[in-house]
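Data block below; observations after.
When reading the values below, keep in mind they use all heavy atoms of this one structure, side chains included, and skip hydrogens, waters and symmetry mates.
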Amino acid sequence: MSGDSATPTPHPRRRLRGPWLLGSVVFAIAGLGLAGCTTTQVAQAPPAANSSEAAGSFTAQTVDGGRVSVPSSKPSVLLFFSTACPSCGAGSTVLADVQRGAPQGANYVAVDVDPSESAADITSFLSQNNALALAFATDTNAQLITAYQVQNMSTVVALDASGTVVFRGVDPSAAQIREALTKAGTR
């Protein structure tokens, strides 16, 4: 029995599980940062994605404290952004302009992919871009970027009322978003 140890050695995969998960989230955010922030045309803390809900389902908040569920009884448009992304400001302005033209026809939500950004950071960003009417949420665990297959910052995803993706694009124009909303079933 020489060479046997009385203390069991932890399984290497168990030791790396926590750091691996954290590394995956950091990698996903960094990947979005590197892949995004371009102007390619297509395609209290804020609420986070709730892991007990279906993939892609979440509740956002409005600046005045209201709640917006996605999906819901009407179509939704999601903008995936970070306050550090230069092109994301223009994307939030475009989405807010579409919202002003049809405020009751859909849910309009800005989803921050950087969990280190606070509600104050997000509202400041939305204010600077004339987009304070957008609801907002933070994707703290990369659940939403995974569910909606987001690979670039400033990606807009349009959903019909059942939550089915009908459009995905990076820095789309207001006309493209309106067309996507029509396809999603807005009235």
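- Judged purely by atom type and a 3.5 angstrom limit, T146 uses its side chain to pair as donor or acceptor with the backbone of A142.
- With hydrogens and angles disregarded, no donor-acceptor distance shorter than 3.5 Å links the side chain of S127 to the backbone of T123.
- How far CD1 of I122 is from CG of D114: 9.0 Å, rounded to the nearest 0.5 Å.
- A heavy-atom distance below 4.5 Å is not found between the side chains of V113 and F81.
- Summarising the geometry, atom CZ belonging to R67 is positioned 7.5 Å from atom OG1 belonging to T59; distances are rounded to the nearest 0.5 Å.
- Without hydrogens or angle criteria, T186 side chain to L181 main chain gives a donor-acceptor distance under 3.5 Å.
- S76 places no side-chain N or O within donor-acceptor distance of the main-chain N or O of S72, the cut-off being under 3.5 Å.
- At least one side-chain heavy atom of I177 sits less than 4.5 Å from a side-chain heavy atom of L95.
- Nearest heavy-atom pair across G185 and P75 is C-CG, 4.1 Å.
- Heavy-atom minimum distance, K183 versus V166: NZ-O, 3.5 Å.
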| When you look at L79 and V109, which way does the side-chain contact (heavy atoms from CB on, under 4.5 Å) test go after all the steps? | CA-CA 6 Å; L79 167 69; V109 182; over 6 Å; no

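- Under the 4.5 Å side-chain criterion, counting only non-hydrogen atoms from C-beta, C88 is not in contact with S82.
- In this structure, F167 CZ and T155 OG1 are separated by 9.5 Å, a value rounded to the nearest 0.5 Å.
- Atom CG of residue D97 and atom CG of residue N130 lie 8.0 Å apart, to the nearest 0.5 angstrom.
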Working for side-chain contact (heavy atoms from CB on, under 4.5 Å), residues L134 and Q99:
CA-CA 8 Å; L134 298 177; Q99 180 183 28; 3.3 Å; yes

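- V98 is listed as a side-chain neighbour of R178, based on a closest heavy-atom distance under 4.5 Å.
- Side chains of D112 and F136 form no contact here, defined as non-hydrogen atoms less than 4.5 Å apart.
- Checked by atom type and distance alone, the side chain of Q128 never pairs as donor or acceptor with a backbone atom of F125 at under 3.5 Å.
- In this structure, V156 and R168 have side chains that are not in contact, with every pair of non-hydrogen atoms separated by 4.5 Å or more.
- Separation of atoms CZ (F58) and CG (D139) is listed at 8.5 Å; rounding is to 0.5 Å.
- In terms of modelled atom types and a separation under 3.5 Å, the side chain of S124 and the main chain of D121 share no donor-acceptor contact.
- Listed here is the closest heavy atom pair of L126 and S92: CD2-CB, 4.4 Å.
- The main-chain N or O of A135 is never found under 3.5 Å from a side-chain atom of Y108 such that the two would form a donor-acceptor pair.
- Taking the side chain as every heavy atom from C-beta outward, S173 and V94 never approach each other to under 4.5 Å.
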*List the steps and the verdict of side-chain hydrogen bond (donor to acceptor under 3.5 Å, both in side chains) for S154 and D171.*
CA-CA 6 Å; S154 210; D171 281 330; 2.4 Å; yes

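- Judged purely by atom type and a 3.5 angstrom limit, T138 has no side-chain atom pairing as donor or acceptor with the backbone of P115.
- Using a 4.5 Å heavy-atom threshold, the side chains of L78 and L159 count as touching.
- Taking CE of M153 as the start and OG of S87 as the end, the distance is 8.5 Å to the nearest 0.5 Å.
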